[in-house]
2 protein chains.
Amino acid sequence: MDMAHEPDMTLIASLIGDPSRSMMLSALMGGEALTATELANESGVTKQTASSHLQKLVSGHLLEMEKQGRHHYYRIADSEVAYLLETIMTVSGGLGMKKTKPGPKDERLRRARVCYDHLAGEMGVKLLDSFMSKGLFCFSEGQQNQSQFMLNEKGNAVFQDFGIDTDLLNKAKRPVCRTCIDWSVRRPHLAGSLGAAILNQFYAKNWVIKSETPRLLLFTPKGEAAFRKFIS
Amino acid sequence: MDMAHEPDMTLIASLIGDPSRSMMLSALMGGEALTATELANESGVTKQTASSHLQKLVSGHLLEMEKQGRHHYYRIADSEVAYLLETIMTVSGGLGMKKTKPGPKDERLRRARVCYDHLAGEMGVKLLDSFMSKGLFCFSEGQQNQSQFMLNEKGNAVFQDFGIDTDLLNKAKRPVCRTCIDWSVRRPHLAGSLGAAILNQFYAKNWVIKSETPRLLLFTPKGEAAFRKFIS
DNA sequence: GTTATGTTTCGATAATGATCGAACCATTTT
DNA sequence: AAAATGGTTCGATCATTATCGAAACATAAC
């Protein structure tokens with residue numbers, strides 16, 4: 001893998017374009033870090049092969065690795081990468097490749113799932129629509145004419161009221177607001193550190209719980225009602 | 001190429017993950033259809049090899065082909081695919097791979113370029129920001145709870161005034177409004193058939209002209225002024 | 001008709017890269 | 001200390017596939 005004078009896209013796409021590696025990446029889109037052996041099992045290859053793949057994914061900046069004792073935990077490098085993977089799924093899914101019948105499992109994933117660290121699916125899209133129509137954001141001019149999508153005063157107030165420390169988010173380097181086009185609904189939902197913080201609050205308030213099915217999120221009855229109120 | 005029971009992402013990513021093929025795709029991101037031999041030259045392989053690649057790209061629904069006499073014209077299949085390619089460039093570009101020094105050429109591309117058939121870059125982002133803050137869109141509930149991002153009455157009026165037949169767009173199957181996260185600015189710009197129609201009007205009004213540099217767009221002095229007024 | 005150009009098909013070759021077994025390293029447990 | 005577990009490195013093998021030359025096909029120009 002040369003990585004120097006190839007056309008930019010090639011390296012990234014070829015990293016994803018291997019069956020074992022894309023299985024690992026899909027598994028990691030659930031949001032939690034997994035160990036090398038877990039990922040080896042997930043992709044059905046030996047530990048040696050998995051190790052080689054993981055090394056490539058890290059040096060291609062698609063994954064990050066953290067040592068904890070004798071375990072090596074791998075996770076998606078950032079929400080930028082998560083975003084790319086969702087986008088590839090968009091294109092893959094919309095095509096004639098739907099020979100894998102879209103069972104009830106897919107139907108539920110279409111409604112609410114975790115995309116790396118934030119809420120995706122119809123519910124995620126509704127959420128962003130609601131925030132937009134309530135006018136919680138502003139577009140500010142950043143340095144060198146690069147405008148930025150930010151929380152305005154009202155937005156800060158709303159989310160602080162919801163239990164999110166927006167000051168903390170604003171200080172961090174990770175962008176607070178980012179949109180991510182949805183695989184199922186083909187409309188943007190909220191990503192960025194705010195998107196992550198919101199999903200965390202949904203967990204904390206017990207509005208949603210993780211299913212055993214990899215990326216699937218299930219709303220509790222209580223959460224369902226609270227969510228409806230939250231976006232109204 | 002099996003294409004049946006592989007994980008979804010793999011096929012698409014592996015198609016893009018070949019140097020020759022990604023060169024062809026990059027070339028086609030300029031928006032205009034190219035012939036097989038042109039693409040062969042672009043990617044530096046023989047006609048035979050190019051033909052093989054193009055076949056795979058078509059059957060993977062990344063490209064579409066149209067026969068015109070003895071010429072076979074290839075173009076990006078749809079804006080969905082264009083969107084994916086821009087996203088891969090986002091991830092590729094943001095990384096340590098910037099060994100290709102960002103010269104003045106890159107700087108201009110960052111400002112205004114064509115992304116398949118619509119305006120991208122800082123100017124494209126400003127345009128969408130302007131439309132948003134003017135309130136030209138609405139989010140309507142489509143069938144099966146899938147909300148849609150559409151032009152509202154005011155929006156229809158504004159663009160008809162600008163010389164775009166919005167009724168025609170609304171009737172067609174291609175989505176009118178779609179957003180596309182920008183490679184340089186990392187904020188959404190307008191894609192979809194409306195995005196394409198707007199760029200066409202910019203051409204027609206002589207606000208922008210295509211440069212020899214593949215995807216670069218140059219604003220005319222007249223266009224520069226008119227644009228500023230248009231978004232104010 | 002013949003010739004020239006654009007494109008594809010076929011077959012063989014070569015290069016790339018995924019895979020695994022075996023050995024090695026690191027950390028925890030006993 | 002030894003044993004066990006998680007992980008990586010090395011080397012060889014095997015599969016995949018990009019590549020090109022030669023021939024065939026299609027359309028256009030002459």
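None of these values were measured; they are calculated from a predicted model. Order of the sequence lines fixes the chain letters, A, B, ..., with proteins taken first and strands second; residue numbering starts at 1 for each chain.
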Round to a whole Å and report the spacing from [atom1] of [X] to [atom2] of [N].
{"X": "B/Leu11", "N": "D/dT16", "atom1": "CG", "atom2": "C1'", "answer": "15 Å"}
{"X": "B/Lys67", "N": "C/dT8", "atom1": "NZ", "atom2": "C1'", "answer": "10 Å"}
{"X": "A/Arg21", "N": "C/dT19", "atom1": "CZ", "atom2": "C1'", "answer": "12 Å"}
{"X": "A/Leu15", "N": "C/dA18", "atom1": "CG", "atom2": "C1'", "answer": "13 Å"}
{"X": "A/Glu38", "N": "D/dT5", "atom1": "CD", "atom2": "C1'", "answer": "14 Å"}
{"X": "A/Met23", "N": "C/dA18", "atom1": "CE", "atom2": "C1'", "answer": "14 Å"}
{"X": "B/Leu39", "N": "C/dT7", "atom1": "CG", "atom2": "P", "answer": "9 Å"}
{"X": "B/Tyr74", "N": "C/dT8", "atom1": "OH", "atom2": "C1'", "answer": "9 Å"}

[X] side-chain proximity, nearest of [options]:
{"X": "B/Ala36", "options": "D/dA18, C/dT8, C/dA18", "value": "C/dT8"}
{"X": "B/His72", "options": "C/dT7, C/dT19, D/dT9", "value": "C/dT7"}
{"X": "A/Thr46", "options": "C/dC20, C/dT8, D/dT19", "value": "C/dC20"}

* Asked: Ion pair present between A/Arg174 and A/Asp117, side-chain N to carboxylate O less than 4.0 angstrom?
  ->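 Looking at A/Arg174 and A/Asp117, the cut-off is met.
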* To do: Between A/Gln55 and A/His71, just flag the one whose closest nucleotide in DNA chain D comes earlier from the 5' side.
  =>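 Looking at the nearest nucleotide for each, A/His71 comes out on the 5' side.
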* Asked: If you take atom types as modelled and just measure distance, does the side chain of A/Gln48 reach the base of D/dG7 with a donor-acceptor pair under 3.5 Å?
  ->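 Answer is no: no donor-acceptor pair is held.
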* Asked: With distance as the sole criterion, do the side chain of A/Arg70 and the base of D/dT5 form a donor-acceptor contact below 3.5 Å?
  ->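 Result: at least one qualifying N/O pair found.
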* Asked: Contact class for B/Tyr73 vs. all strands (heavy atom < 4.0 Å): base, sugar-phosphate, or nothing?
  ->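 No contact at all - B/Tyr73 keeps every heavy atom at 4.0 Å or more from the nucleic acid.
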* Which is true for B/Thr37 with a 4.0 Å heavy-atom rule: it touches a base, it touches only sugar-phosphate, or it touches nothing? ->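 Sugar-phosphate, backbone atoms only, no base.
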So, the side chain of [X] versus the backbone of [Y]: is there a donor-acceptor pair under 3.5 Å, distance only?
{"X": "A/Arg215", "Y": "A/Val114", "result": "yes"}
{"X": "B/Asp78", "Y": "B/Val81", "result": "yes"}
{"X": "A/Ser26", "Y": "A/Ser22", "result": "yes"}

Phosphate oxygens OP1/OP2 of [N]: is one of them under 4.0 Å from a side-chain N or O of [X]?
{"X": "B/Lys56", "N": "D/dA18", "result": "yes"}
{"X": "B/Ser51", "N": "C/dT8", "result": "yes"}
{"X": "B/Ser52", "N": "D/dT19", "result": "no"}
{"X": "B/Thr35", "N": "C/dG6", "result": "no"}

* Identify, between A/Gly44 and A/Gln68, the residue whose nearest nucleotide on DNA chain C lies closer to the 5' end. =>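 That would be A/Gly44.
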* Exceeds 12 heavy-atom contacts within 6.0 angstrom, atom NZ of A/Lys205 ->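 Enclosed.
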* Asked: Would you call the rings of A/Phe219 and A/Phe227 parallel, tilted or perpendicular if under 30° counts as parallel and over 60° as perpendicular?
  ->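 Taking A/Phe227 first and then A/Phe219, their aromatic rings stand perpendicular (interplane angle over 60°).
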